[in-house]
Amino acid sequence: MNTEYRKISLDGLWHNNPALVQLLGLCPLLAVTGSVVNAIGLGIATTVVLIGSNLTVSLFRRQVPEAVRLPIFVMIIAAFVTAIELLMQAYTYELFLILGIFIPLIVTNCAIMGRADAFASRNPVPAAVLDGLMMGIGFTLVLIILGAMREVLGAGTLFSNMHLIFGEAARAWKITLVEDYRGFLFAALPPGAFVGMGLLIAAKNLIDAKIKHRKELIKDSQAVTTASKRVRIT
Amino acid sequence: MTRIYNFHGGIHPPENKRQSLGAPIRQAPVPARLILPLQQHIGKAATPLVEVGDQVLKGQKIAEPTGHISAAIHAPSSGIISYIGLQPVPHASGLESSCIVIETDGQEQWCERHPIEDYRSIDKKELLKHIRDAGIAGLGGAGFPTDIKLNLGKDHIVNTLIINAAECEPYITADDALMRERPNDILTGVEIIAHLLQPSKILIGIEDNKPNAIKALRDAIRERNLPIELVVVPTRYPSGGEKQLIQLLTGIEVPSGSIPADVGIVCQNVGTAAAIYRAVIHGKPLISRLVTLTGFALGHRQNYEALIGTPFSVLLEAAEVDRSKMFRLVMGGPMMGISIEDDRIPVIKTTNCIIAATLEEMPPAPPAQPCIRCGMCEQVCPASLLPQQLYWFAKGREFEKARHHNLFDCIECGACAYVCPSNIPLVQHYRFAKSEIRNEEAEQQKAAQARERFEARQARLVREELEKEQRRKERAEAAAKEQARKKAEADATPSDTPDPEAELKKLKSAASIARTKLKKAREALKNAEEKGLDGTEKLKETVAQLEEKATAAESAWQQATGTEQSCP
Amino acid sequence: MEGLLHSIRKNTLGISLFAAVTAGLIAATQVITADRIIENQEAHQARTLYQILPQSLDANLHQQIIMVPAPELGYREPIPIFQSILDGEVQAVIIPVTATEGYSGDIHMLVGIWRDGSIAGVRVTGHRETPGLGDKIDIEKSDWILDFNGLQWLGEADKRWNVRKDGGDFDQFTGATITPRAVVRQVAATLSYFELRKAQILRPVTQTASAEQTDDETESFQTDSVETESPGTENLRTENPET
Amino acid sequence: MNEFLLILISTVLVNNFVLVQFLGLCPFMGVSNKLETAMGMSLATTFVLTLASVCSYLVYQYLLLPFDITWLRTISFILVIAVVVQFTEMVVHKTSPLLHKLLGIFLPLITTNCAVLGVALLNIQKQNNFVESIVYGFGAAVGFSMALILFSALRERIAVADVPVTFRGAAIGMVTAGLMSLAFMGFTGLVRV
Amino acid sequence: MSLIHLSSPHVSKANATDRVMRLVLIATLPALIALTIFFGWGSLIQVLLACTSALAFEAACLWMRKRPMLFFLRDGSALVTAVLIALAIPPFAPWWVVVIGTFTAIVIAKHLYGGLGNNPFNPAMVAYALLLISFPAEMTQWNAPFVLIGDNWSVLASFTDSLVIIFSSINHGMIDAYTGATPLEVLKHRGGMTTEEVWRNNPVLSQGVFAWYGISAAWLMGGIFLIYRKVFTWHAPFAMITTLFLLSSLFYAGDPSNFADPFLHIGVGATMMCAFFIATDPVSGATSNKGKVIFGIGVGALIYIIRTWGSYPDAAAFAILLMNLSAPFIDHYTQPRSYGHARANRGIGGGK
Amino acid sequence: MTIILTAILILLSLAIVFGVILGFAAVRFKVEGDPIVEQIDGLLPQTQCGQCGYPGCRPYAEAISNGDAINKCPPGGQSTIEALADLLDREVVPLDAEHGEEKPKTVAYIREDECIGCTKCIQACPVDAILGAAKQMHTVIVSECTGCDLCVEPCPVDCIDMIPVPVTPNNWKWPAPVSDPNLIWTDRGRGHLLQEGTE
Ligand SMILES: Cc1cc2nc3c(=O)[nH]c(=O)nc-3n(C[C@H](O)[C@H](O)[C@H](O)COP(=O)(O)O)c2cc1C
Ligand SMILES: Cc1cc2nc3c(=O)[nH]c(=O)nc-3n(C[C@H](O)[C@H](O)[C@H](O)COP(=O)(O)O)c2cc1C
Ligand SMILES: Cc1cc2nc3c(=O)[nH]c(=O)nc-3n(C[C@H](O)[C@H](O)[C@H](O)COP(=O)(O)O)c2cc1C
Ligand SMILES: Cc1cc2nc3c(=O)[nH]c(=O)nc-3n(C[C@H](O)[C@H](O)[C@H](O)CO)c2cc1C
Ligand code: SF4
Ligand code: SF4
Ligand code: SF4
Ligand code: SF4
Ligand code: FES
């Protein structure tokens with residue numbers, strides 16, 4: 001049981017990361033990662049919706065008739081999204097304006113649909129909720145990293161405008177890395193979002209390859225010992 | 001004068017022909033051993049008619065065609081069959097293949113020949129059979145059995161006969177020499193072919209770099225006043241390719257996947273024509289051919305008339321090879337020939353040239369650079385393909401796409417690889433892709449076949465199961481009836497015949513119980529032996545007993561089931 | 001037929017159950033948040049206005065709108081002008097205008113003018129100028145726009161209202177003259193328009209509401225003119241080309 | 001007419017849905033490995049996008065606006081889209097195996113495609129009228145299709161290129177999309193807004 | 001005895017990719033000379049800088065990808081890319097512009113795709129476009145040709161001063177005095193004047209345009225040399241120039257006061273360079289001859305459209321990139337008719 | 001409160017309409033059969049060896065269409081995996097070593113003098129590639145044998161060998177010109193040549 005949860009967590013965070021591996025939820029991922037604050041805002045919203053929809057779908061997974069499965073899932077998700085949208089309008093209005101159309105679009109954020117259909121509709125509630133949480137965190141982390149990359153390169157700052165989420169006190173969190181930075185605009189523009197994401201995926205591939213390589217080294221050393229054993233027997 | 005058309009692409013590699021044209025055709029020595037591969041032609045390998053130890057005469061048929069597309073093989077000289085089996089053959093793979101080896105006796109004793117003095121007077125079928133019996137396969141390239149090309153049947157109407165005298169590949173001069181020295185052989189051969197095919201037009205296509213051959217042929221045609229047109233085409237490789245020559249001379253393109261005969265054209269090499277002449281008029285089967293020996297590692301570069309089956313080494317010696325200088329040995333031309341690793345391999349019907357090249361002459365290609373898609377290959381491709389795309393797909397194993405780009409229309413002429421500035425071995429990529437595709441197709445066919453057989457078997461098993469069930473039911477019914485009857489009888493005379501079905505089951509379970517027991521005991525024994533425990537003796541005894549029991553039970557059961565168990 | 005009815009019943013029941021629940025959920029959230037949202041919206045729309053004229057001056061600025069015809073600025077329809085009113089007298093106005101000669105499109109601006117005709121402040125609310133080049137007119141990117149503060153227009157002869165390159169007082173940006181030129185010219189034009197229509201513009205909205213702003217005009221204002229778009233309030237939202 | 005042309009140019013080139021507005025990226029990355037499937041997807045998307053524009057416009061104008069419940073727009077749009085898509089899929093599957101082979105497997109995928117809901121929402125945001133909505137939806141779909149088809153042809157070529165191992169697959173796909181997006185920046189300003 | 005086993009053909013024409021690249025480099029010389037004559041030493045310095053950094057990046061990539069370094073460095077493709085970038089950017093752009101440019105071209109546009117021959121986009125143009133959107137200020141500062149800046153030209157004409165301008169970041173403003181709009185920009189933002197008035201009043205056009213014509217002529221010379229040496233065929237350049245000429249003639253004939261005349265379109269800006277050196281890049285272009293014609297037409301049309309209605313006065317880079325990304329698709333529909341086929345294979349094949 | 005009710009009612013009515021439509025469609029447009037299984041089955045080598053863990057290729061094909069991994073068929077090897085990935089638009093993965101590894105093609109060969117004619121191999125062979133009757137010598141029809149080696153184990157006297165299919169000039173394949181990332185000789189022959197040539 002424990003290992004299963006571990007696996008779900010690792011899957012969400014790394015092995016089956018919705019953004020890096022499944023390539024889902026790309027639109028908001030690329031569109032709103034101009035800065036860290038946008039990334040965090042959208043990440044949180046997405047995670048909340050993921051957890052909520054996974055929970056609901058998992059709860060009712062046996063009651064849903066097959067022909068209307070998709071519409072019902074979509075409705076559940078849309079309900080959560082609209083609720084979040086309204087709450088954001090009420091409490092973080094500026095952020096809502098920046099994220100704009102991508103808040104309602106969380107509904108079609110493929111990651112959420114995908115998880116609801118592929119995981120929550122086949123698994124019990126605790127697993128589904130954990131899956132939602134972990135997928136959400138995995139997604140949010142990628143958002144934040146990409147947002148940080150683009151903010152640093154594009155504007156030379158980090159954590160600017162954090163007050164949009166965390167209140168006025170957070171205004172001071174802004175770090176200006178380079179004074180008088182001219183701005184590498186490529187990073188801030190759409191092409192930069194794509195290329196940055198490409199680099200992130202490549203980085204993950206690289207790390208995976210390194211891990212695999214190390215594992216194989218270990219395996220190889222073991223294999224050598226067994227082989228030598230065999231030699232001694234014959 | 002016939003108009004000369006054009007074909008796309010083509011190249012002008014250095015010709016290197018002059019070297020081998022200095023001297024007239026020379027007779028090659030008769031070697032001590034003649035090696036005759038059973039497959040020297042396209043189609044099925046021939047079937048041997050002789051056995052080891054047999055004495056054969058020159059010209060004697062020693063292997064006959066297998067099936068329709070195949071060609072006979074004759075002993076090129078008299079001697080004794082010393083071996084039938086695998087020998088190195090001229091093939092791109094460098095693999096060995098079945099051959100007949102003749103130990104020659106130097107007698108050159110001919111078998112009985114059947115010349116046809118007046119071929120016009122005999123039946124065409126007869127004439128064709130004669131040609132088939134002479135084992136003639138195309139001498140110009142692929143070695144396609146000639147009689148099939150000449151026997152087109154009703155569905156093909158031939159209006160043009162093209163004699164391929166282009167000899168476009170560098171170095172090769174075998175056809176050139178033949179035309180200079182024996183133009184009349186060729187023309188008679190052409191007449192025979194024309195008699196068989198009845199074309200409305202006969203064209204000889206020859207490149208303009210062979211002035212002497214052109215003159216010799218032209219004179220001979222004029223002398224004999226034949227309705228043959230000699231068309232001189234510009235020198236450009238590969239104008240001698242069948243499809244290219246047809247396009248040059250007639251402007252017609254042979255549709256992809258069809259043969260020239262489908263558009264009313266038959267194309268034969270001049271050498272083939274001469275071979276037909278000899279077979280028909282002199283009754284000599286195809287046992288020798290002209291081979292150009294050239295390359296700077298040779299002392300004498302000239303054309304030899306060599307017996308089929310002569311090992312290359314014999315010819316090379318005759319041409320005074322300097323082996324220390326010889327770097328590459330090529331059979332065929334420099335553009336399409338195959339390289340030979342082992343000089344013991346023999347001359348076959350399609351061996352038109354042997355190049356013993358030095359390192360300077362044919363240096364190794366520099367390492368390949370990446371394709372820059374410069375398009376030079378495309379400009380020279382005679383088939384109007386996109387070689388760079390084909391290469392790209394072949395390299396990436398995108399065979400379906402390669403196919404869509406007409407990979408199979410590539411004639412492997414090598415023009416693209418010749419011009420490629422990045423020195424990419426393009427043709428090898430295409431050959432690889434082609435053989436992969438063919439292999440895949442074969443495998444798919446095999447898979448389909450296997451599926452069919454598997455499904456048939458499944459169906460059969462189901463059917464058998466049903467039948468068995470049916471039979472059992474019948475038997476049970478019969479037994480029930482029997483029982484009823486017996487019961488009725490038993491009322492009169494009580495008896496205790498056991499129920500056969502139940503008996504069978506019992507036996508079966510007894511057998512299997514015995515088997516399991518035996519297995520367990522064996523395991524225990526093994527275990528005990530391994531660990532060196534006490535009491536192995538006793539265990540062994542038990543096992544022996546059990547073994548007996550098991551076999552008894554097994555055989556009892558086998559007997560009982562008996563008939564049903566036997567094979568399907 | 002039986003199966004069909006069953007299927008319809010089952011599916012309809014399922015989907016409508018969920019529809020009811022989800023609709024309820026959303027509606028409840030909506031009811032709870034509605035007031036706050038409206039508040040936020042209003043505050044946001046007024047924010048740029050109050051950057052130019054502080055809220056302390058007149059907290060109702062964003063609601064006091066007077067419609068004034070502006071053919072001088074190229075508009076066929078009257079444009080809305082915000083008035084800051086103190087003691088029944090208009091102290092300052094904010095005029096939304098659009099500069100059409102930008103490098104890659106229209107530049108929407110708010111021009112705040114004191115009663116005496118000097119500039120209270122200028123803000124760009126929407127533009128598509130090249131990031132890194134022309135976008136320095138945006139307060140977020142550079143303080144250049146503050147150069148206008150306090151300046152006055154002294155009539156056609158006033159040469160200061162030009163970029164340096166054209167002999168004026170305003171800096172052009174390195175490599176981009178067209179954008180600042182467009183902004184400067186439009187602000188100047190707005191000032192001249194203000195001088196021309198001072199009387200109309202400075203009449204407090206409460207008095208004029210019945211007099212000038214007929215219902216007809218509001219209607220026609222809503223159906224946008226085709227030639228030049230009226231700078232409606234929706235333009236106040238910054239269209240930041242980067243997001 | 002001119003104005004529709006402008007909408008088309010704007011949605012197809014200048015504000016290309018995928019490359020500039022970031023909508024519909026998942027199918028853009030996911031279904032672009034083969035040109036053939038990309039074409040199927042394009043057809044299906046064009047159909048659904050146009051239809052979704054129409055349906056959502058109707059729902060919005062005749063249901064949500066009159067009852068003043070515009071905040072239900074997300075859920076009602078997505079519901080309409082999901083149902084339309086699923087219904088189309090079922091009908092096509094049954095009636096035209098050929099068409100289903102062409103579009104079938106893509107139709108369900110489209111529900112979870114930002115472009116569809118995006119087009120519905122943007123139509124409202126832009127206050128497009130009925131015809132404009134259709135043109136806008138169609139233009140968006142054409143823009144999507146164009147990007148997808150060109151991209152998949154490119155990817156087919158890249159698939160056999162000697163790409164470093166770490167970049168094979170999605171990573172180089174993203175970089176390529178980035179360079180495509182860079183190229184599309186050339187259209188900036190073509191339609192002045 | 002053992003002889004080597006090889007597949008045919010056994011001979012090949014002695015020509016190499018490095019030779020092709022060398023020819024292209026030689027063909028850029030006239031343009032380099034013309035640029036130096038009209039605009040000062042800047043271009044030469046940029047070329048040297050670009051070549052050095054391109055070779056360094058190429059070597060680094062090869063090292064990381066564990067490829068033989070000398071072998072690939074020798075092929076000269078990095079130099080071609082570098083020279084083209086250097087000649088496309090403003091002659092006095094700061095040094096880091098060209099370094100970032102070569103990095104983009106060599107690392108991102110070329111080696112991420114597998115190096116020479118594998119890149120779908122033209123590396124030089126990727127670099128140019130990226131620089132243009134990232135550093136519009138630096139990338140739009142073309143100094144005016146000498147004819148226009150009179151006395152000041154002694155500063156730009158001095159080699160050391162040129163070095164200072166390029167390598168010191170501080171006195172970047174210094175060059176402001178010498179910059180001026182290019183003819184295409186002048187015509188585009190003419191502020192209500194008709195084309196004719198601009199021609200008369202703006203010195204960039206009335207006097208300076210000959211500098212640009214001269215440079216175009218130099219590119220044309222190089223291009224003709226390459227066609228003569230059979231480095232590429234006439235299809236793409238011809239199609240591109242013809243399309244641009246026809247389109248601009250059409251609009252100019254319709255409304256001469258609002259549209260630039262056709263000779264200006266082909267005579268200034270990057271048209272000639274684009275036609276002969278960029279649109280002909282074999283790697284990123286279309287494959288067949290027909291494809292190349294379509295490619296050229298596309299580039300020409302896009303250049304005209306973007307120049308006339310878009311935001312970028314010189315559109316060559318974007319037009320090329322846009323056609324680059326269409327090239328594989330074009331290839332699908334322009335396969336030549338092969339021998340023995342009634343029709344050419346069109347459209348998507350394979351996969352079926 | 002009314003607004004909540006309106007919302008619920010509106011959405012409910014929409015939902016009912018849609019529910020009816022979909023419920024109707026679910027029955028009216030029901031489709032049976034799954035052509036994808038046929039396609040998958042067509043790609044599998046039909047060796048019927050069961051190494052994939054399913055009793056034959058078709059069951060495995062069905063399993064794949066239900067989401068099972070595509071890398072479980074050793075006889076098909078990498079090329080089959082690629083073809084399946086292509087068909088199903090999945091990612092190419094290496095062969096699952098758990099199910100065996102790709103081996104060169106083999107055929108069964110029965111050492112006829114040792115064969116006791118027990119017919120066990122006949123029962124085991126999924127494609128009926130073995131000829132023979134009870135108590136008689138058995139032979140393999142080479143052209144039909146798929147090389148699945150299912151007949152090897154049942155043989156009580158171990159007289160069946162799996163021998164590699166011999167390479168002859170007729171079934172020989174041109175090798176791919178190799179391109180070693182370090183060496184640039186893209187043609188194996190040429191590389192070989194240069195090494196020797198320089199000696
Ligand atoms: C009736 C007829 C059938 C033929 N069938 C074949 C055939 O099946 N395969 C083949 O390679 N050549 C066949 N050919 C011969 C070809 O057309 C061609 O002449 C031969 O392959 C040699 O061509 P090459 O040396 O240019 O390769 C046939 C010719 C005729 C007249
Ligand atoms: C590229 C290429 C070049 C060829 N060159 C010649 C040639 O020069 N002379 C020739 O007789 N056959 C040449 N052939 C073979 C011909 O295509 C064809 O097979 C032959 O003429 C058929 O005649 P045959 O059956 O009598 O051999 C060439 C084939 C190819 C593919
Ligand atoms: C890609 C690009 C973007 C540009 N963006 C702007 C801009 O946003 N604002 C602007 O005024 N000029 C812009 N320009 C125009 C040039 O910088 C132009 O040379 C300059 O504005 C006028 O030249 P001047 O400063 O020498 O008068 C742009 C030019 C290019 C090539
Ligand atoms: C005729 C010709 C034109 C070329 N044009 C370019 C070019 O525009 N940009 C470039 O980066 N490389 C160019 N190259 C060089 C080479 O193709 C380029 O480095 C590859 O695109 C890198 O893979 C050219 C090469 C040739 C032969
Ligand atoms: S000639 Fe060589 S380098 Fe040029 S396109 Fe053809 S294969 Fe590529
Ligand atoms: S080998 Fe094939 S592709 Fe190359 S030129 Fe000859 S026919 Fe064309
Ligand atoms: S492993 Fe492959 S060949 Fe064997 S049964 Fe399974 S699918 Fe068929
Ligand atoms: S003979 Fe043996 S190896 Fe061949 S198919 Fe039959 S069972 Fe398989
Ligand atoms: S998130 Fe937009 S399509 Fe997937």
Q: How long is the straight-line distance from OG1 of D:T74 back to CD1 of A:I84, given to the nearest 0.5 Å?
A: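 One finds 12.5 Å between CD1 of A:I84 and OG1 of D:T74.
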Q: Answer with side chain, backbone, both or neither: which region of D:R73 has an atom nearer than 4.5 Å to a non-hydrogen atom of chain A?
A: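 Contact with chain A is through the side chain of D:R73 alone.
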Q: When rounded to the nearest 0.5 angstrom, what distance separates CG in A:L23 from CG in D:L25?
A: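 Spacing of CG (A:L23) from CG (D:L25) equals 10.5 Å.
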Q: Which one wins on heavy-atom pair count under 4.5 Å against chain D: A:L105, A:V21, A:N205, A:L199?
A: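 Of the options given, most contacts go to A:L105.
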Q: Measuring only between side-chain heavy atoms, which start at C-beta, is A:V32 closer than 4.5 Å to D:F22?
A: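 Heavy-atom side-chain distance check fails, nothing below 4.5 Å.
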Q: Once rounded to the nearest 0.5 Å, what's the spacing between atom OG1 of A:T82 and atom CD1 of D:I75?
A: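 A:T82 OG1 to D:I75 CD1: 5.5 Å, rounded to 0.5 Å.
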Q: So which heavy atom on D:L19 is nearest to which on A:F194, and how close?
A: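 That closest heavy-atom pairing would be O-CE1, 4.0 Å.
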Q: Quick one: are A:L26 and D:M174 in side-chain contact, heavy atoms under 4.5 Å?
A: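 They are in side-chain contact.
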Q: Sort D:V18 into side chain, backbone, both or neither according to what part of it lies under 4.5 angstrom from a heavy atom of chain A.
A: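 Contact with chain A is through the backbone of D:V18 alone.
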Q: Using 0.5 Å steps for rounding, measure from the CD1 atom of D:I172 to the CD1 atom of A:I201.
A: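 It comes to 11.0 Å.
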Q: Relative to chain D, which of A:C27, A:A193, A:G198, A:A202 shows the most heavy atom pairs under 4.5 Å?
A: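 Among the listed options, the one with the most contacts to chain D is A:C27.
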Q: Could you look at D:M180 and say if it's the side chain, the backbone, both or neither that has a heavy atom under 4.5 Å from chain A?
A: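 Nothing of D:M180, per the 4.5 Å heavy-atom cut-off to chain A.
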Q: Please rank D:G30, D:G173, D:A170 by heavy-atom pairs under 4.5 Å with chain A and give me the top one.
A: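 Counting heavy-atom pairs under 4.5 Å, the top option is D:A170.
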Q: Against chain D, work out which of A:A78, A:A79, A:P191 has the most heavy-atom pairs shorter than 4.5 Å and name it.
A: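 Of A:A78, A:A79, A:P191, A:P191 has the most heavy-atom pairs under 4.5 Å with chain D.
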Q: Please give me the minimum heavy-atom distance between A:V195 and D:V175, naming the atom from each residue.
A: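 For A:V195 versus D:V175, the nearest heavy atoms are CG2-O, 4.2 Å.
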Q: Taking the side chain as every heavy atom from C-beta outward, state whether A:F102 and D:L23 have any pair of such atoms under 4.5 Å apart.
A: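 In short, these two side chains touch, coming nearer than 4.5 Å.
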Q: Heavy atoms, side chains only, cut-off 4.5 Å: are D:I78 and A:M75 in contact?
A: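 D:I78 vs A:M75: side chains apart.
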Q: Heavy-atom distance under 4.5 Å to chain D: side chain of A:A203, backbone, both or neither?
A: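 A:A203 has no heavy atom closer than 4.5 Å to chain D.
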Q: CZ of A:F184: more than 12 outside heavy atoms within 6.0 angstrom?
A: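 Above 12, so yes.
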